[in-house]
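The structure under discussion appears below in the form of structure tokens.
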Amino acid sequence: MPEQPPWWTRAVVYQVYPRSFQDSDGDGIGDLGGILQRLDHLADLGVDVVWLSPVYPSPQADNGYDISDYEDVDPLFGTLGQFDELIAGLHARGIRLVMDLVVNHTSDEHPWFVESRSSPDSPKRDWYWWRPPRPGMAPGAPGAEPTNWHSFFSGPTWELDPASGEYYLHLFAAKQPDLNWENPEVRQAVYAMMRRWLDRGVDGFRMDVINMISKDVAPDGSLHDGPPLPGVPYGDGSASFLCGPRIHEFLQEMHREVFAGRPDRLLTVGEMPGVTVEQARLFTDPARGEVDMVFQFEHVGLDFDESKWRPRPLRMRDLKASFGRWQAGLAEVGWNSLYWDNHDQPRAVSRFGDDSPRHRRDSATCLATLLHLHRGTPYVYQGEEIGMANFPFTALEQFRDVESLNHHVQAVAHGADAGEVLAAMRRMSRDNARTPVQWDASPNAGFTTGTPWIAVNPDHAEWNAQAQRADPDSVFAHHRRLIALRHEDPVVALGDFTMLLPEHDEVYAFTRSLDGDTLLVVCNLGGSAQDLAGLLPEAVGAGVVLGNMPEDDPAVLRPWEARVLRPAR
Ligand code: TEU
């Protein structure tokens, strides 16, 4: 690790999903004006960076992850002027702003794609992936798609353009055509756009599915089918687009063209589904000049097997093995990001904790303690700091997310029981993370004076920021203490990680050590008390640095209790 560890080793990032954060004009959709109203909430929490999910002009087919203009703000969310106000307001509070960079694909309404689709001879045709039907098949015939790949949002990854009789590639929705990064014009256009946002005062980028930009294309331009998937007439194309053959070349070029020579106040995090520890070590090795950290998905894939729509209970040993592997794998080189929640994952307190009235506060603060005391940069998703839980969905009409709705259509079309599909969506849909932030107990939780685009969780009367900001025992207060501890204690930021009790099914315990100073962290992720004295005698008598419950019997770890201890040297 270079002499002065980078600032983000001590930082905590807060993710804002603008549609659901705070509405300021009564249209039921959150906006920049709303974020400006809530800056003190962020400052009070103590976060160092705001990651802002997309606010660019977009037809909102995927809530802004389908961009039709990279250089402006969608009127739905406000204006460039308000954006500049936001940068100024955050910077005035010592908070940096990281933008969402969505350049694996654009919207199909982006002028680049409109031009590209206009004619096979368009100078921008090669800015996207256009291919003729599978040899010997007529355009539009079942199975005529150039490859058998399954889209992340169900259905094939190819959409036919009747005018040209050719198909274009979209790993996500049909309104999200993939850019062709093999084309240097595309790359230079993206780099120039990024430089303009940095010149405007932005402090970095969260890069959407950035490990998908390099496709494994043969010299003759052909792309390979993937192995068949169960239950659908498609195959898994991931071997052709996850961490493709030129991914490191592209990220190093981006670093040279956009970040090199800029002051080190920037942060870059690459969202990388399917990335391995070994690959992450290459991506985050500072000597290679690619990204500062990655979002890996291993731990948010431990409670289901081949499909998130068939969830099963999380096995604690799997979680320990996964976190332990990533902590060890990036101990010498690279850096971890740490997260439970984001706008794509159901709420962790409902998924990995216990959101019943008796244990919700304790399990939310226990999960937070576990996460924030690992080595890496923690990410707090809006609402996580007040223990927001999954929504009690009961009907299809309540959902909004393209991934969930497309899944329902495809699953029922392939014979699944609609009730079972709905039950799985209730647990795993991304919409669980997208209900409006609960600011107070008023009708729409203080989110809007209009009709919210998605329903407010009925539990907001009890679970809201206003109630918690004044309560020293609240989930909010506990997050504030965790963030302060990372700022104050170098062991938390930089200490070496050692997993303890790897086989225990309830107690998650580990140490962090730096220059002979050690913290012992013990978390009971279960509903029954644990004999801490028996499990870890050194924990009894150790000084309590931070706990999520009032001190009691040091020999017993209560259900969902977490303690950060400093054993005598
Ligand atoms: O997500 C990529 C991604 O991996 C998700 O699709 C994830 O696998 C899935 O949602 C889990 O159910 C990014 C953005 O975070 C997401 O919001 C976008 O929908 C997607 O890319 C396309 O831009």
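Whatever order the structure lists ligands and atoms in, that order sets their numbers, starting from 1. No hydrogens, no waters, no symmetry mates; every other heavy atom, side chains included, goes into these values.
Asn180 is linked by a side-chain hydrogen bond (donor to acceptor under 3.5 Å, both in side chains) to Asp126, counting only residues two or more places apart in sequence or in another chain.
Between the Thr276 side chain and the Gln279 main chain, a donor and an acceptor come within less than 3.5 Å of each other.
Residues with a heavy atom under 4.0 Å from ligand 1: Asp62, Tyr65, His105, Phe153, Phe172, Gln176, Arg206, Asp208, Val209, Glu271, Pro273, Phe297, Lys308, His343, Asp344, Glu403, Arg430, Arg434.
Under 3.5 Å, the side chains of Glu384 and Tyr379 contain no donor-acceptor pair of N or O atoms. Checked by atom type, the side-chain pair Ser238/Trp149 shows no donor-acceptor distance below 3.5 Å.
Residues Trp51 and Phe295 bring their aromatic ring centres within 6.0 Å.
Remark: Lys124 does not engage Glu185 in a salt bridge, criterion side-chain N to carboxylate O under 4.0 Å.
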